[in-house]
Protein chains: 2
Amino acid sequence: MASLVSARRTLRQGETLFRDGDRFVALYAVRTGFLKTHIGGRDGRDQVTAFQMAGDLLGLDGVASERHTCNAVALEDSQVCMIPYAGLESLCREVPGLLRQFHRVMGREIVRDQRTMLLLAGMRAEERLAAFILNLTSRLRARGFSAVAVVLRMSREEIGSFLGLKLETVSRTFSKLQDAGILDVRQRHVRVVDADALQWIVDGGASHRGRTSA
Amino acid sequence: MASLVSARRTLRQGETLFRDGDRFVALYAVRTGFLKTHIGGRDGRDQVTAFQMAGDLLGLDGVASERHTCNAVALEDSQVCMIPYAGLESLCREVPGLLRQFHRVMGREIVRDQRTMLLLAGMRAEERLAAFILNLTSRLRARGFSAVAVVLRMSREEIGSFLGLKLETVSRTFSKLQDAGILDVRQRHVRVVDADALQWIVDGGASHRGRTSA
DNA sequence: CGTGTCTTTGAAGCGAGTCAATCAGGGTGG
DNA sequence: CCACCCTGATTGACTCGCTTCAAAGACACG
């Protein structure tokens, strides 16, 4: 797998890795830093589709049509590994297990997107933000970082875009969670005080949705 | 590709093809009929993730973890082809082009899900329903069916679940589009009177969002 | 130290949700 | 063949949560 990495690319904060419409030639694995992908609707619409941190993969959106269908931008200085798609494909034919491995990665992307759809379709602001924070902290934990003290790399507007909320609502909801003693929010520095409460909110505990199957 | 189809399965309306948690062994191509896939949240949450008609593929959700993560149910009597995943994988190694082909299919699923996310995150009820109808009719047209006179195979509640709306809102929005002379709705029979108007709504024309980039 | 960007907070408006009643069909059994 | 019933669809009135518009506050930068 390592033999595939043909090049590394360093991105400054705000720099674009690839754009909607760009020819799809490679996937990118994040080595360090923090990125976002977003789709720009023709009118004012623009939605963040995902945030990527070290270890995450970008670019699968381009597999379908040989062209990327979203934009990838670095939210802080970052470094990515380039994985040429043609090489990956031919290697899949030779190396046993790699094919399966790659399919799992694509499958995970599908499952993740569907979970996001669930969030966008059915949750209220408080639940969305709680789910977002839990997702972020669990990913940080898996990478050996603190899951308690988090520095958000994205703006309120970007969080809102991802969660289908307006930036004011995000800000207000942060404040609400702080007042409830669940989070400690100071600008982009967030401390998770009560992770269980966050989970309880995500599970619908905060709304009277509790009955077993109605 | 045809050599892969090991078996056909006939489903009666309401019958389940696979369930969340089922072992993933095969993909399914719809031959005839109409299905839905939905995820059941632990509490009352339950969301339709997609509707499938002839030619569509089901089951990609299981690739990631060897288990399905959603339920597939027939909305009318249907017939599906079973494509064993193990066989597909090994065939991908032998038949040139098949690998690429399969990756495109997975890629399309990713792109489709992201478009749905865009819909759920940013559109209002009227826009969502218009997009839904246009999507349905374009798929029907591609299959040689009428793109004007449509019979909905799913209930208002299922439409609402897919679009992140309540069934009453779906019903009301249908009525609104009928009053506007854009649709002719009689229960589950829908006639598209003005497809351009639907597209205009999807593009944000109905809300004063029209300025080029604000 | 100003200046611009991002964030927080307030007040008012509106769209979708909720609760509830009625209506339309489809199927069943008398 | 028709009356009945059950499910799904429509419509209305009211509520609530998110958005919108507006203003002030917090930092980061030159």
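In what follows, every heavy atom counts, from backbone to side chain, and hydrogens, waters and symmetry copies are set aside.
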Value in whole Å for how far the C1' atom of D/dG8 lies from CZ of B/R153: 17 Å
Nucleotide D/dC18, atom C1' - distance to CG of A/L129 in whole Å: 14 Å
Crowding at CZ, B/R19 (>12 non-hydrogen neighbours, <6.0 Å): no
Integer-rounded Å distance: C/dC6 C1' and A/R186 CZ: 17 Å
Whole-Å distance separating the CD atom of B/Q13 from the P atom of C/dG27: 10 Å
Pair A/D56 + A/R143: basic N to acidic O under 4.0 Å: yes
Short side-chain N/O contact to C/dA16 OP1/OP2 from B/R124, under 4.0 Å: no
Gap between atoms CD and P, on A/E127 and D/dG17 respectively (whole Å): 11 Å
Smallest separation among heavy atoms of B/A72 and B/T37, with atom names: CB-CG2, 4.0 Å
Less than 3.5 Å apart, which donor and acceptor atoms pair up between the side chains of residues 109-123 of chain A and the rest of the protein, not counting sequence neighbours?
residue: A/E109; atom: OE1; partner: A/R112; partner atom: NH1; Å: 2.9
residue: A/T116; atom: OG1; partner: A/R112; partner atom: O; Å: 3.1

Validation row: A/I39, A/D61 side chains within 4.5 angstrom (heavy atoms): no
Heavy atoms from other residues, nucleotides or ligands near CD of A/E157 exceed 12 (cutoff 6.0 Å): no
Enclosure of A/R9 CZ (heavy-atom neighbours >12, cutoff 6.0 Å): yes
Near-strand residues of residues 170-177 of chain B, defined as heavy-atom separation under 4.0 angstrom from DNA chain D: B/S171, B/R172, B/S175
Proximity to DNA chain C (any heavy atom under 4.0 Å), residues of residues 155-168 of chain B only: B/G164, B/L165, B/K166, B/E168
A/D179 CG - C/dT9 C1' separation (whole Å): 12 Å
Considering all heavy atoms, the nearest A/E158-A/S155 contact: OE1-N, 2.9 Å
A/T169 side chain near D/dC18 phosphate (N/O to OP1/OP2, under 4.0 Å): no
Whether over 12 other heavy atoms sit under 6.0 Å from B/R67 CZ: yes
